[in-house]
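First the proteins, then the strands, lettered A, B, ... as listed; each starts at 1. In this text the structure is predicted, and so the values were computed from the model without any measurement.
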Amino acid sequence: MSTPLSKNFEPQSVESIWYQHWMDKGYFNSTPDERKPFTIVIPPPNVTGVLHMGHTLNETVQDVLVRKARMSGFNACWVPGSDHASIATEAKVVQFLEKEKGISKQQLSRDTFLKHAFEWKEKYGGIIYHQIKKLGCSVDWSRTTFTMDDHYYEAVIKVFVDLYNKGMIYRGARMINWDPQAKTALSDEEVEYKTIQGKLYYVKYKVVDESGQTTGEGNTDNDYIVIATQRPETIMGDTAICVNPNDARYAFLKGKKIIVPLVNREVPVIFDEYVDPAFGTGALKVTPAHDINDYNLGLKHNLPIVDTLNDDGTLSTAAKVFVGIDRFEARKKIIEKLAAEGSLIKEEVYETRLGFSQRTNAVVEPRISTQWFLKMKNLAGKALEAVASGEVKIHPEERFIATYKYWLENVKDWCISRQLWWGQRIPAWYDEKGNLFVAETKEEAVHQWLMVNGQPGGNNSLQLTQDEDVLDTWFSSWLWPMEVFNGITKPGNPDINYYYPTSVLVTGQDIIFFWVARMIMAGMEYKNVAPFKDVYFTGMVRDKQGRKMSKSLGNSPDLLELIDRFGADAVRFGILISAPAGNDLLFDDSSCDQGRSFNNKLWNALKLVKMWEERQDTSASQIHTKNFAVQWFENRLKEVKTQVEDQYQNFKLSEALKTIYSLIWDDFCSWYLEWVKPAFEQNISHEVYTKTIGFFSELVALLHPFMPFITEEIYHQLKDRKDGDDLAVLQLESFNKGQTQATPSIDIDSLVLGAQLKEVITSLRDARNKNQIKPKEIIQLYVQTQNKTAYKTIEPLLLKQVNAATLAITEDAVPNTITVVVGKDKFYIEAEKKVDTAAQRNQLEKDLEHLKGFLISVEKKLGNERFIQNAKAEVIALEQKKKKDAEEKIKTIEESLALL
RNA sequence: GGGAGCAUAGCUCAGCUGGUUUAGAGCAUCUGCCUUACAAGCAGAGGGUCCGCGGUUCGAACCCGUGUGCUCCCA
């Protein structure tokens, strides 16, 4: 006999042991074989980050799917890894170096900085892997990939060069989003818009005629016009004033010039219907260098561009005033100055949307800059087609297909260069004249140069300098499902051929454009096959009050601490139980509490069953009486398994978990175990014991994908298992093997009788309760029924469950008893306590009223000629049966009432 | 401003192609039990104008229209 079981389940003591065991056995490692593959690539978290609750949900969902597939005969492969996250990581490293070592990035060479960054990554980058282990994720650690691994780096460069050679990548000056804190360009997707309260400043601009003379004599209206702006600090970059050609108020401006305040630059008036006469004063200052709309206007009207900002957000020398002062500080100073000059007419509070950098939270500046871009039109078309044709299925479908399509149909070219060091450096080299050579290596670039220019004359060695910029992180992550299997660097290798396309992608809906759509693009471009068949979007994890979880609010629980408190299984349960696909979920510790209680329930059921191990009776006498419980549960188990299978197919994981939870707690613990439980110090039949161990094993197997640790532990506690007989790799017959399988034969009669037994027990217990019969008091029971054989089968169970000594069949009412009507059957409870007829009458009348109301509604339906004409035959038959049943029940109750 | 989604018990949600009951579950609440697996438990119970209005239909939580409120995405 093993050591006695602890009072409650202690997750800490078993979790690490089982995880180590699974690893030692190599259960999570996968190599191609003759089985069907089931592949998932983890959405690589930021290497320096920690897992938040959103990750926890995603990882748990993936583990459930992978474990389920592994138990269903698939060759399951889940690839872990992490992302170098260029902006976020570089920002952290810079901050670290400044704070801890007092070194600024400017002091360091590129190589030294990268050395520091890699050191930092080694030191802090392991936390997420540790967390993934603690959570119990069955990933193949031998396949761990980092987006800056050598082969991965090579793949990114290869793809860049390839797309460049295909003419899909180009370099040019465009208006981009600039992050003045990280001092880098951003893609459109990296800008988050927030509504904030700003101000609209009304500023006077002087009007002059062609000769530069003021038009009026004094304070006449035509001396100046008033322009409303939110950004007075960009006034120095104004190169035109624009009004609507249909705006009569400004018709007088034709042929006039405007003097820009502060810098006294003379600029033209342009007329364009773009301007909304109703907004502000109807006159717009045009600053092509610092606003995307102004930029487009500038292109159309051929305006010069005056860039008044430096890359750190301070005013440049081109601004002429307040040079070197930060943009927001400059705004204040400019307002003061304009006010002092009398040019500021008024200020107005104004709500506006401002772009913020997703990573640094700095206010983004639209800015013209020379960057690298990827043409998206072709790629987007293919990605659109992959979803439209059903090659990729999105779950939940309705909600995301429209967004996906809209984005792809309207996508602009992708700015892929970043002014950072941490990332894949753009493989472009420039010669002294600025000619460009794109190649995978410098040698190759030199070779290209020589092909064009011939050998350099004399002793001049050839000077080629590499582009300083790195690539957007997402330009590497979009290759993830391919390059984790070396699909780009070694195309056609056995792994990529076997594992690609992957089975499911599980991720948050917030990165549908950043990542999901782009992975589909890359997959279509390089494999001509989408990288996954299904995409499962999880919702956003919010706190109890529905707020986003964020560091600043401090409402995001620490995963390791949660696991410490509740155990990994309970945390997995807690996050999954209330996470319907695609819906946001409100996470609260209490759901982990529920998970912990469930652990305990399982544990206590184990303790109960273990007590029987030594108390088996091999003689046949006991078997018969307990047979119905076994028969019923066997069928109930089959029924629920098919239900769960169906829920898996539809990605309804939280429902599947609920179904299993209720099967174990209610059907198994509350009913089945109570039914087969021997009386105090009595033995249990060997057959029933063996069956029970079997059922329990099947239950923990069913639950294992959701709660791997406790189920593995119980599986082994139940019985000595052979080496290698572990739940993690148990093959379940009833789970399908990737094909549809006939539903197992279920004995409906047992299920019906079981349901009836439950109903009778509940009703009788209720009657005991309402009549205040003490739980310990033993009662005598009589039943008046048409179905005597059924009661023979269930009699022993019934007696035990309602604490009755006898069940007698009777043809007539039994006087001085409590009457309980269950369906068409009447029960009479004989107890010591005097019968309270008033209470009984009350109860029966209540039931009667309900039934009569119900009958009326059914009769109304059946009395409707059009219903009879139009409804399907089955529906009519059903209504007639409902009517008959109701009438019989009413009769039964009325009879009972008459006798009271 | 454009688009999408949601609204069912105190809370979180199920409710599939309209008909299985005048709507279900979990949590919370109330009542009674320390019954030798479990008080982190057991046995019961109560609780709903299915957001308002209109329509389609023999029949609507479900389909259509409209109003209101909330959420998300895009500009």
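Taking 3.5 Å as the limit, the base of rA37(B) and the side chain of Asn604(A) contain no donor-acceptor pair of atoms between them.
Side chain of Ser597(A), nearest nucleotide from rC58(B), rC38(B), rA40(B): rA40(B). Taking every side-chain heavy atom of Asp766(A) into account, rG44(B) is the closest of rA37(B), rG44(B), rU22(B). Nearest nucleotide to the Arg866(A) side chain, out of rA37(B), rG19(B), rC58(B): rC58(B). For Lys652(A), counting side-chain heavy atoms from C-beta on, the closest listed nucleotide (rG15(B), rU21(B), rC58(B)) is rG15(B).
Using a 4.0 Å heavy-atom criterion, one finds that Asn8(A) contacts the bases of the nucleic acid, with or without backbone contacts as well. Nucleic acid contact for Ser591(A): none, since no nucleic acid atom lies under 4.0 Å from a heavy atom of the residue. Residue Arg596(A) is in base contact, counting any heavy-atom pair closer than 4.0 Å across all strands shown. When heavy atoms are screened at a 4.0 angstrom cut-off, Glu674(A) is found touching base atoms of the nucleic acid. Among the heavy atoms of the strands lying under 4.0 Å from Leu586(A) are primed sugar atoms or P, OP1, OP2 only; no base atom is included. If you check every strand for non-hydrogen atoms under 4.0 Å, Lys860(A) touches nothing. Residue contacts for Asn870(A): at a heavy-atom cut-off of 4.0 Å it reaches a base atom on one of the strands shown. Counting non-hydrogen atoms under 4.0 angstrom, Glu874(A) reaches nothing in the nucleic acid.
When the C1' atom is used for both rA23(B) and rU8(B), the distance is 8 Å, rounded to whole Å. Straight-line distance between the P atoms of rG52(B) and rC42(B): roughly 37 Å, to the nearest whole Å. rG47(B) sits 9 Å from rU29(B) when the C1' atoms are compared, rounded to a whole Å. Taking the C1' atom of each, rG32(B) and rG24(B) are spaced 26 Å apart, rounded to whole Å. When the P atom is used for both rA61(B) and rU49(B), the distance is 14 Å, rounded to whole Å. As rounded to the nearest Å, rG5(B) and rA45(B) have P atoms that lie 40 Å from one another. Between the P atoms of rC62(B) and rG2(B), the separation comes to 28 Å (whole Å). For rU57(B) and rG65(B), the C1' atoms lie 15 Å apart once the distance is rounded to whole Å.
Looking at Asn293(A), Asp294(A), Asn296(A) one by one, the single match for side-chain hydrogen bond (donor to acceptor under 3.5 Å, both in side chains) with Tyr274(A) turns out to be Asn293(A).
Considering only side-chain N and O atoms, Lys882(A) lies nowhere under 4.0 angstrom from the phosphate OP1 or OP2 of rU21(B). In this structure, Lys7(A) reaches the rA39(B) phosphate: one of its side-chain N or O atoms is under 4.0 Å from OP1 or OP2. Within the structure, every side-chain polar atom (N or O) of Asn600(A) is placed at least 4.0 Å from both OP1 and OP2 of rA40(B). Look at Lys677(A) and you'll find a side-chain N or O under 4.0 angstrom from OP1 or OP2 of rA37(B). Contact check, Thr762(A) against rA43(B): no side-chain N or O comes under 4.0 Å of OP1 or OP2.
With rounding to whole Å, Ile664(A) atom CD1 is found 15 Å from rA37(B) atom C1'. One can place CD of Gln643(A) at 13 Å from C1' of rG15(B), the figure rounded to the nearest angstrom.
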Quiz item: Can you give one letter per nucleotide of nucleotides 25-35 of chain B, 5' to 3': B if a protein heavy atom sits under 4.0 Å from the base, S if only from the sugar-phosphate, - if neither?
Solution: -SS--------
Quiz prompt | nucleotides 70-75 of chain B: protein proximity per nucleotide (B base, S sugar-phosphate only, - neither; heavy atom, under 4.0 Å) | solution = --SSSB
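The ring of Tyr536(A) has its center no closer than 6.0 angstrom to the ring center of His395(A). Aromatic pair Trp612(A)/Tyr689(A): ring centres not closer than 6.0 Å.
Ring geometry for Tyr672(A) against Phe633(A) counts as tilted: the plane angle lies between 30° and 60°, on a 0 to 90° scale.
Projected onto RNA chain B by closest heavy-atom contact, Arg615(A) and Lys852(A) fall at different nucleotides, the more 5' of which corresponds to Lys852(A). Closest-nucleotide positions on RNA chain B for Lys861(A) and Ile868(A) were compared, and the one nearer the 5' end corresponds to Lys861(A).
Atom-to-atom distance recorded for Lys860(A):NZ and Leu855(A):CG is 12.5 Å, nearest 0.5 angstrom.
The pair Lys758(A)-Asp667(A) meets the salt-bridge criterion, since a charged nitrogen lies less than 4.0 angstrom from a carboxylate oxygen.
When Watson-Crick and G-U wobble pairs are counted only if both distances are under 3.5 Å, rC42(B) pairs with rG32(B).
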